Structures are given as C-alpha cells and as structure tokens.
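Reviewing the structure listed below.
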Amino acid sequence: MTDALRSLLAEPAPISAPALLGATITGRGVAIRVTEVEAYHGPTDPGSHGHRGMTERNRHLFGPPGTLYAYRSYGIHTCVNVVSGPEGTSAGSLLRGGEVVAGRDTARERRGPRPADVALARGPGNLGVALGAVLGTDDGTSVLDGSGPFVLTLAPGLEARLASAPPAAVVDDLLAETDAAGVPRISRGPRTGVGGIAGGASFPWRFWLTGDPTVSTYRRHKGAFD
DNA sequence: CTTTCGATATTCT
DNA sequence: GAATATCGAAAGC
C-alpha cells in the first residue's frame, strides 16, 4: 500500500520532507536510506528551480507528487528530487544524503575506491552517482508504483502513523521527538549552497537525522544571509 | 580546521 | 558574461 506515501507527498514539500528521513529509495541494484533532505517550494520560494516558471530542465518538478525530478547541477552532478504537492506548484524534496543499505559493491563501483562507506551517498551529487541515476531517462518517472527505475518506501512504522493521523500532525510529532538525552532526532537548518534570503534562516528547510555520519557537511553559500 | 580553485550545463542578465 | 540546490583536491593556518 502506498496510500500513506501518496497522502504524505500531496502535502507541500516543507511539510513532507522531514517524513522522508528514514525512507528507502531502491533501484538499479542499490537501496539507500535517506538521512538528509532539503525542501523547495515552488513560486513562493526564491531558492526553487520552479520560482521563475517552467523551463525544459525543470518541467518534471511541476508533475504529480511522487515524480522523480533529476537535474544537472553545476554542469557536472546529477541530483535527485522527489516531487511533492500540490500538483503544479513545482515543489519537491532534494535527496542530499543517505546510507547505502543494499548493493554496497555496486555503489562502490560507481563511486570508486576512495570514499568511506558512510560517504558513498553523502551529498546530493554523490547520492546521484551511488544510485546510478541517469538524466533524461529517470527524470519524470514515478517512485510510487514500480513503473520507473526507483521505488520509495517509507520509514518503518510511518505508514501506520500516517494512516491514523493527518500528515501535518505526524510531521509535527516527528520534529518534536527526542532521544533519551532530550536531543531532537531530526535537526533542521538553512539550506546548503543556496544564496540570498532563500539560504538563510527564513527558509530553514534542510532536515537531517541528528548525528548521522552519512549527512553531508554544511557548506554556506557565499551570498547567503546568515 | 579554513579557504580556494577547476570542472561546466542551464538559465538569467 | 555571471550565477548556480556541488565535489574533491590542494594549500595555508
């Protein structure tokens, strides 16, 4: 049943993004547990690719929730987003880091001998390589129904919680949960590499699992307000 | 630890 | 021409 995932992704990205932490994206011989995401929210978000309307590159960002949006970053890297709703708002969550939980040999073949295991899918460009994501081929496919190369499955236990409470309420609870020492399980902060006001405290839409070694190190953009 | 730099597709000025 | 949802290596603290 992917009803829980569908109802979650129907929410705006800043709401659904924290609930994608702990989810697993599977395909092309690997499975990666997502540990770090950033939300981008269409025309109201100056940091979003969709902020200035549809282009050939970003058109799949305007697609239905659960669409994969893959784009070329800095002319070099392939980065992967999961589109969220409402449909037509060009919103989505950038998968920025994860733990390779299956197909480690395949991921290492793609990444080379250098990176440590925790770094195989650390950072959006590296995650794209580890996944074996292909521009053009994968852009616009669904991660919900197995019709595309990748399938997204929710973190254990989340499906049941989303079946018994509205997504926004479940996410509020997730953000409030702490470990035995009182430390939040999910951390949030400004988005990495985003300039201007969109990269500052007004858009604290980067979410990660606190203390997880597969989360990329924060790099502040030159022009970010902070 | 920090800063700097090169690689370079897409978009905007 | 300039900026960008990046990465890894190199050099200087």
Side-chain angles (χ1 to χ4, degrees), chain A residues 12-14 16-18 20-21 25 32 34-63 67-84 89-98 100 107-140 143 187-208 213-226:
Chain A
S16 60
L20 295 180
L21 297 173
I25 184 165
I32 293 176
V34 177
T35 59
E36 179 190 2
V37 297
E38 274 174 11
Y40 290 85
H41 191 224
T44 65
D45 172 10
S48 167
H49 283 173
H51 182 229
R52 287 176 292 270
M54 195 185 296
T55 66
E56 181 55 31
R57 173 174 74 154
N58 70 18
R59 60 195 177 94
H60 290 298
L61 189 55
F62 292 77
T67 300
L68 188 150
Y69 163 51
Y71 72 95
R72 182 75 77 200
S73 176
Y74 288 89
I76 299 172
H77 302 106
T78 300
C79 299
V80 173
N81 289 247
V82 175
V83 174
S84 65
T89 56
S90 67
S93 295
L94 169 66
L95 307 185
R96 288 196 52 92
V100 177
R108 180 158 295 287
E109 250 174 66
R110 292 171 177 152
R111 291 279 285 117
R114 294 288 235 168
D117 280 352
V118 293
L120 285 174
R122 187 168 63 192
N126 294 333
L127 188 147
V129 172
L131 262 187
V134 181
L135 275 183
T137 305
D138 299 345
D139 196 24
V143 298
S187 301
R188 73 184 299 168
R191 295 176 293 189
T192 298
V194 180
I197 185 69
S202 301
F203 294 86
W205 289 350
R206 173 178 179 244
F207 302 91
W208 66 97
T214 65
V215 173
S216 68
T217 54
Y218 177 70
R219 290 195 194 189
R220 185 183 177 279
H221 187 277
K222 292 175 216 161
F225 297 176
D226 255 323

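Here the structure is a predicted model, which is why all the values come from computation and not from measurement. Throughout, protein chains are lettered first and strands after them, A, B, ... in sequence-line order, and every chain is numbered starting at 1.
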Compare all side-chain heavy atoms of [X] with those of [Y] and state whether any distance is below 4.5 angstrom.
| X | Y | answer |
| --- | --- | --- |
| A:Arg59 | A:Asp139 | no |
| A:Ser93 | A:Phe207 | no |
| A:Pro14 | A:Arg188 | no |
| A:Tyr69 | A:Arg57 | yes |

If I take atom [atom1] in residue [X] and atom [atom2] in nucleotide [N], what distance separates them, rounded to the nearest angstrom?
| X | N | atom1 | atom2 | answer |
| --- | --- | --- | --- | --- |
| A:Arg122 | C:dA5 | CZ | P | 22 Å |
| A:Tyr69 | C:dA5 | OH | P | 10 Å |
| A:Tyr218 | C:dT6 | OH | P | 11 Å |
| A:Leu95 | C:dA5 | CG | P | 17 Å |
| A:Glu38 | C:dT4 | CD | P | 15 Å |
| A:Leu120 | C:dG8 | CG | P | 11 Å |
| A:Tyr74 | C:dG8 | OH | P | 14 Å |
| A:His77 | B:dA7 | NE2 | C1' | 9 Å |

[N] to [M] separation - [atom1] atoms, rounded to the nearest Å:
| N | M | atom1 | value |
| --- | --- | --- | --- |
| B:dT13 | C:dA5 | P | 14 Å |
| B:dA9 | C:dA9 | C1' | 23 Å |
| B:dT10 | C:dG8 | C1' | 23 Å |

Reckon [X] has a side-chain N or O less than 4.0 Å from the OP1 or OP2 of [N]?
| X | N | result |
| --- | --- | --- |
| A:Arg206 | C:dA5 | no |
| A:Arg114 | C:dA9 | yes |
| A:Arg111 | C:dG8 | yes |

* Which base sits across from C:dG12 as a Watson-Crick or G-U pair, both distances under 3.5 Å? ->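 The base-pairing partner of C:dG12, which may sit in any strand shown, is B:dC1.
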
* Which nucleotide, in any strand shown, forms a Watson-Crick or G-U wobble pair with C:dA5, with both distances under 3.5 Å? ->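 Per the H-bond distance test, none.
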
* Residues from residues 44-58 of chain A lying under 4.0 Å of DNA chain B - heavy atoms ->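 Only A:Arg52, A:Thr55, A:Glu56, A:Arg57 qualify.
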
Taking the minimum atom-to-atom distance to the side chain of [X], which one of [options] wins?
| X | options | value |
| --- | --- | --- |
| A:Arg219 | C:dC7, B:dA7, C:dA5 | C:dC7 |
| A:His221 | C:dA5, C:dT4, C:dA9 | C:dT4 |
| A:Tyr71 | B:dA9, C:dC7, C:dA5 | C:dA5 |

* Would a distance-only check, ignoring hydrogens and angles, find a side-chain to backbone donor-acceptor pair under 3.5 Å from A:Arg206 to A:Glu38? ->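 No: the side chain of A:Arg206 does not pair with the backbone of A:Glu38.
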
Which part of the nucleic acid, if any, lies within contact of [X], taking any heavy atom under 4.0 Å across all strands shown: a base, the sugar-phosphate backbone alone, or nothing?
| X | result |
| --- | --- |
| A:Arg72 | sugar-phosphate |
| A:Asn81 | base |
| A:Ser216 | nothing |

* Using the side-chain contact (heavy atoms from CB on, under 4.5 Å) rule, take A:Val83 and A:Leu61 through it: C-alpha gap first, then chi angles, then the decisive distance, then the call. => CA-CA 6 Å; A:Val83 174; A:Leu61 189 55; 4.3 Å; yes

* **A:Arg122: partners by side-chain hydrogen bond (donor to acceptor under 3.5 Å, both in side chains), with sequence neighbours left out** =>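 side-chain hydrogen bond (donor to acceptor under 3.5 Å, both in side chains) list for A:Arg122, sorted by chain: empty.
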
* Among A:Val82, A:Thr214, A:Leu127, A:Leu95, side-chain contact (heavy atoms from CB on, under 4.5 Å) partner for A:Val34 -> A:Leu95

